[in-house]
Number of protein chains: 2
Amino acid sequence: MGSTERRERQRAEVRAAILRMARDMVVREGFEALTMRKLAEAIEYSPAAIYLHFENRDAIARALCLQGFEELLARLEPATREPVAARRLRALADAYVGFGLEQPETYRLLFMTDPKYTTDIFRSAEDAGGQTFQVLVRLVQDLQAQGAVSTSLAPLPLAEVLWAGLHGVVSLKLTCPIFPASSTDTLVETFTALCARIPTTP
Amino acid sequence: MGSTERRERQRAEVRAAILRMARDMVVREGFEALTMRKLAEAIEYSPAAIYLHFENRDAIARALCLQGFEELLARLEPATREPVAARRLRALADAYVGFGLEQPETYRLLFMTDPKYTTDIFRSAEDAGGQTFQVLVRLVQDLQAQGAVSTSLAPLPLAEVLWAGLHGVVSLKLTCPIFPASSTDTLVETFTALCARIPTTP
DNA sequence: GTCTATAGGCTGATAGAC
DNA sequence: GTCTATCAGCCTATAGAC
């Protein structure tokens with residue numbers, strides 16, 4: 001009797017379809033434009049059907065955030081393998097900013113919409129938020145070990161400031177298309193240069 | 001016959017009352033919660049009356065942005081008078097971040113809501129946005145002249161990165177109350193230390 | 001100028017039939 | 001499980017009476 005399994009599978013498929021479509025809609029039109037009705041219509045179900053898989057709209061947002069953050073992590077991953085800290089800084093910065101600008105609406109949902117969602121990412125500790133932050137802490141420690149950053153500054157706030165700086169560049173570019181007149185590349189270049197000077201090889 | 005003047009005055013008073021109440025509501029509950037109905041009720045007029053003074057909700061938002069940005073400018077002004085560039089950097093940073101955290105909903109409206117509003121601030125060139133930016137450019141030039149920032153970086157992108165960094169700190173603190181675990185003061189301290197080393201008096 | 005009334009939409013969420 | 005129908009509310013904006 002594999003009928004329970006089949007039902008489970010079908011159920012999971014509907015859930016996945018809801019999420020896939022929700023993601024599409026958010027990417028295209030932003031989270032505000034994601035309504036239960038439009039979502040239902042898009043997957044060709046009635047609005048009520050969605051509530052069998054998600055408690056409410058917030059639950060969908062949370063699932064999308066989790067997914068979005070995993071995409072961000074995946075995007076950063078290759079850069080984490082660069083051994084020279086100063087180069088790793090630049091690679092991570094490029095990857096982070098690239099993600100934000102290429103997926104503006106996802107980025108907005110993750111970091112610029114509701115404190116609730118953003119907080120969730122960082123509260124689920126060891127996964128999403130914590131992992132990414134650890135990447136930055138390690139980077140800062142290596143930068144200091146390799147003489148690119150003053151050791152008189154504490155690594156934790158340094159890593160936080162690093163994140164804040166990148167977030168500032170991304171979010172300003174997103175909410176104010178005309179202000180930072182410099183290209184994204186120039187901004188990242190300038191920011192990373194400020195953060196870490198290239199160590200003089202002795 | 002001063003009756004036209006009286007009418008003009010009354011008209012201006014109603015307009016001012018609308019803006020005052022709108023500001024209050026935004027400060028208390030955020031821009032999203034500002035609706036024409038609630039606004040009308042609060043000033044004890046009918047919704048239709050508001051449309052005699054403002055074309056639509058967006059026009060109110062623009063007026064509030066202008067006002068908010070002037071408040072920000074006023075808040076920065078004292079710091080601009082500090083002659084030692086490194087100290088001015090710190091004073092400006094404190095003032096900027098202080099404004100953002102004390103008036104979170106105003107800050108959100110100015111810089112984190114709709115690109116349209118934020119863009120307006122910077123397009124009206126010589127006033128609001130441009131003025132503030134000039135303050136930062138002058139700061140960077142002085143920092144370079146006083147040996148606190150490398151002259152190998154261009155002043156314009158440097159000033160933009162400075163703004164982005166401060167914006168990053170404020171907006172992360174606003175949208176993610178738990179993430180930057182460090183205190184605002186520590187973050188600003190760390191950020192300004194990264195931006196400018198204290199020049200060694202020769 | 002200010003009102004009432006209303007058009008013409010939208011929303012999240014749920015009860016109850018099948 | 002899925003639907004239809006609907007509740008109960010919100011919104012911006014405007015027409016037309018006073």
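Each chain gets a letter, A, B and so on, in the order the sequences are listed, and its residues count up from 1.
B/Tyr117 has its ring centre no less than 6.0 Å from the ring centre of B/Phe111. A centroid separation of less than 6.0 Å is found between the aromatic rings of B/Phe122 and B/Trp163.
A residue-by-residue look at A/Lys38 and A/Ala48 shows that A/Lys38 has its nearest nucleotide of DNA chain C further toward the 5' end. Mapped onto DNA chain D by nearest heavy atom, A/Ser46 and A/Arg37 fall at different nucleotides, with A/Ser46 at the one closer to the 5' end. Mapping A/Ala33 and A/Glu55 onto DNA chain C by nearest heavy atom places A/Ala33 closer to the 5' end of the strand.
Taking atom CD of B/Glu32 as the reference point, atom P of D/dT12 lies 12 Å away to the nearest angstrom. One can place OH of B/Tyr51 at 11 Å from P of D/dC11, the figure rounded to the nearest angstrom. Distance CD1 (B/Ile50) to P (D/dC11): 12 Å, rounded to an integer number of Å. Rounded to an integer number of Å, the gap from B/Ile60 CD1 to D/dT12 P is 9 Å.
When only modelled atom types and interatomic distance are considered, A/His53 and A/Tyr45 share no side-chain donor-acceptor pair under 3.5 Å. Using modelled atom types and a 3.5 Å distance limit, the side chains of A/Glu160 and B/Ser182 yield a donor-acceptor pair.
Taken from CG in A/Leu166 to CG in A/Leu92, the straight-line distance is 8.5 Å, to the nearest 0.5 Å.
If you check every strand for non-hydrogen atoms under 4.0 Å, B/Ala49 touches sugar and phosphate atoms only. Within 4.0 Å (heavy atoms only), B/Thr35 reaches sugar-phosphate atoms of the nucleic acid but no base atom.
Read 5' to 3', the first and last nucleotides of DNA chain C with an atom closer than 4.0 Å to a heavy atom of chain B are C/dG1 to C/dT4.
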In sequence, state the C-alpha distance, the side-chain angles, and the governing distance for A/Asp24 and A/Arg20, and then conclude on salt bridge (charged side-chain N to carboxylate O under 4.0 Å, His left out). CA-CA 6 Å; A/Asp24 276 13; A/Arg20 206 178 318 123; over 6 Å; no

